[in-house]
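Each remark here refers to the structure printed beneath this line.
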Amino acid sequence: VVSRRSEPSCSIATMRYGSKPADGGYLILTPEEKNTLLSTEPQAASFIRTYIGSEELINDKQRYCLWLVDCAPDVLRRMPHTLSRVEKVRQFRLASAKAPTRELASTPAVFAEIRQPSTDYLAVPEVSSENRSYIPIGFLPASVIASNLLYTVGNATIFHFGILSSAMHMAWVRSVCGRLESRYRYSAGIAYNNFPWPQAQTDKQRQSIEGTAQAVLDARAKYPASSLADLYDPLTMPPELIKSHQKLDAAVDAAYSKRKFLGDRDRVAFLFELYQQLASPLEAKKNMRGKQRSNQPKEV
């Protein structure tokens, strides 16, 4: 049994949800709404950011948001159209049936939950098609705001990208992730935090993963007009991208074991053996903390 975990079982970078607006849609802008706003309030340009969730990442769709975290009050008051949107956010939150949302009406200019990485980050869509051999993931700059339909890994490296883009990780995803209809529904608490990363890879193996992962990104870059949906469609995936992924798969497999894996079933069996080894000491530590708390004198 794989249970939800609040932090990774391995020593690895933390994965978090993106930021949640809870705004009634008034802080979010379509390309047309962005252009209309800028035609009347060009000074708002400093506070408009690209806004990306699963759909935008995979299908290369454009959306924007008003990111007013650093907007001074006097500047905001000089932008009446932007201020009107902020007022609508306040009214939306006040009308909510949820008390925490109503409390957020006191800060209507900002998102309800802000979890934006301060560095460039790795973006993983929460929902993606089960027809793809790999979940399309990629690097985004800190200036791009991740929605709560995107998972982020701050300070991620090409090594992290390589492992998460491998057949080994996808075998784990297919076994433990939930589904939305039949699509993959990725989860930090279940999939990422429980995933057994390779623990004893050599420098040579790590370099091999990094090199083949970069080759995957290079193969993608040859098709700048193609979305990730285009690149990872089983019918249109470019041959050089397929070959790059196959080489990455081999490099990642080699970091786990010297033996050749016979397929996903073999990978999953191997990963669950590793998971058991990792979970046992963690559960023991958790139980010990529980016993220590139970031995503490209770307040009357």
Side-chain angles (χ1 to χ4, degrees), residues 7-16 57 117-125 128 132-142 144 150-176 186 188 191-224 226 228 231-232 237-264 266-275 277-278:
E7 57 187 27
S9 58
C10 303
S11 179
I12 202 69
T14 302
M15 175 177 279
R16 307 175 69 192
L57 179 71
S118 58
T119 64
D120 293 355
Y121 58 93
L122 193 58
V124 181
S128 61
R132 303 185 184 104
S133 298
Y134 307 92
I135 293 178
I137 67 176
F139 288 99
L140 292 176
V144 172
L150 207 62
Y151 283 105
T152 67
V153 182
N155 293 309
T157 67
I158 193 72
F159 176 77
H160 299 116
F161 170 82
I163 297 294
L164 296 180
S165 299
S166 70
M168 186 68 77
H169 184 247
M170 284 306 303
W172 178 259
V173 166
R174 293 187 187 97
S175 296
V176 306
Y186 199 85
Y192 184 83
N193 289 345
N194 284 302
F195 180 63
W197 289 66
Q199 297 297 297
Q201 79 273 6
T202 64
D203 289 343
K204 184 177 179 181
Q205 289 170 336
R206 189 181 184 95
Q207 289 166 8
S208 177
I209 291 171
E210 292 170 346
T212 51
Q214 184 60 55
V216 168
L217 292 175
D218 293 343
R220 289 184 186 181
K222 292 180 180 179
Y223 302 91
S226 298
L228 289 175
L231 291 169
Y232 284 90
M237 191 171 181
E240 60 264 48
L241 182 57
I242 293 173
K243 291 177 182 177
S244 296
H245 266 287
Q246 289 171 343
K247 290 178 180 178
L248 174 60
D249 293 342
V252 172
D253 283 355
Y256 279 94
S257 176
K258 292 180 180 179
R259 69 182 177 86
K260 184 176 176 61
F261 293 98
L262 302 178
D264 279 358
D266 196 16
R267 289 188 180 96
V268 170
F270 179 82
L271 287 171
F272 268 98
E273 287 180 9
L274 286 183
Y275 170 74
Q277 295 168 19
L278 289 169

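Under the 4.5 Å side-chain criterion, counting only non-hydrogen atoms from C-beta, F195 is not in contact with V173. Annotation: side chain of D120 is not in contact with side chain of L140 (no heavy-atom distance under 4.5 Å). Annotation: side chain of H245 is in contact with side chain of M237 (closest heavy-atom distance under 4.5 Å). Looking at heavy atoms from C-beta onward, Y256 lies in side-chain contact with M168 at the 4.5 angstrom threshold. With contacts defined as side-chain heavy-atom distances shorter than 4.5 Å, the pair L231/Y223 qualifies. Between Y134 and D249, some side-chain heavy-atom pair lies under the 4.5 Å cut-off. By the 4.5 Å heavy-atom criterion applied to side chains, Y232 and I135 are not counted as neighbours. Contact annotation: the side chain of V176 approaches that of F272 to within less than 4.5 Å [non-hydrogen atoms, C-beta and beyond].
Here the closest non-hydrogen pair linking A156 and L122 is CB-CB, 3.6 Å. The two residues G154 and A13 make their nearest non-hydrogen contact at O-CB, 4.2 Å. Between S244 and A219 the shortest heavy-atom distance is OG-CB, 3.9 Å. Contact detail for V124 and L164: the closest heavy-atom pair is CG2-CD1, 4.5 Å. Nearest approach of A213 to L248, heavy atoms of both residues: N-CD1, 3.9 Å.
Proximity of a side-chain donor or acceptor of S128 to a complementary backbone N or O of P125 within less than 3.5 Å is not detected. Judged by distance alone, the side chain of S166 and the main-chain N or O of I163 form a donor-acceptor pair under 3.5 Å. Here the side chain of S9 pairs a donor or acceptor atom with the backbone of N193 at under 3.5 angstrom. Between the side chain of Q214 and the main chain of G211, no donor-acceptor pair closer than 3.5 Å is present.
Salt bridge D203/R206: absent, no basic N to carboxylate O contact under 4.0 Å. D253 has a carboxylate O that lies under 4.0 Å from a charged side-chain N of R267, or vice versa, which qualifies the two as a salt bridge. Salt bridge status for D266 with R259: present, with a side-chain N to carboxylate O gap under 4.0 Å.
W197 and H160 have perpendicular rings, their planes meeting at more than 60° on a 0 to 90° scale where under 30° would count as parallel. Taking the six-membered ring where the residue is Trp, Y275 and W172 present tilted rings, their angle falling between 30° and 60°.
Taking SG from C10 and CD from Q199, the interatomic distance works out to 4.5 Å, rounded to the nearest 0.5 Å.
Aromatic pair F270/F261: centroids less than 6.0 angstrom apart.
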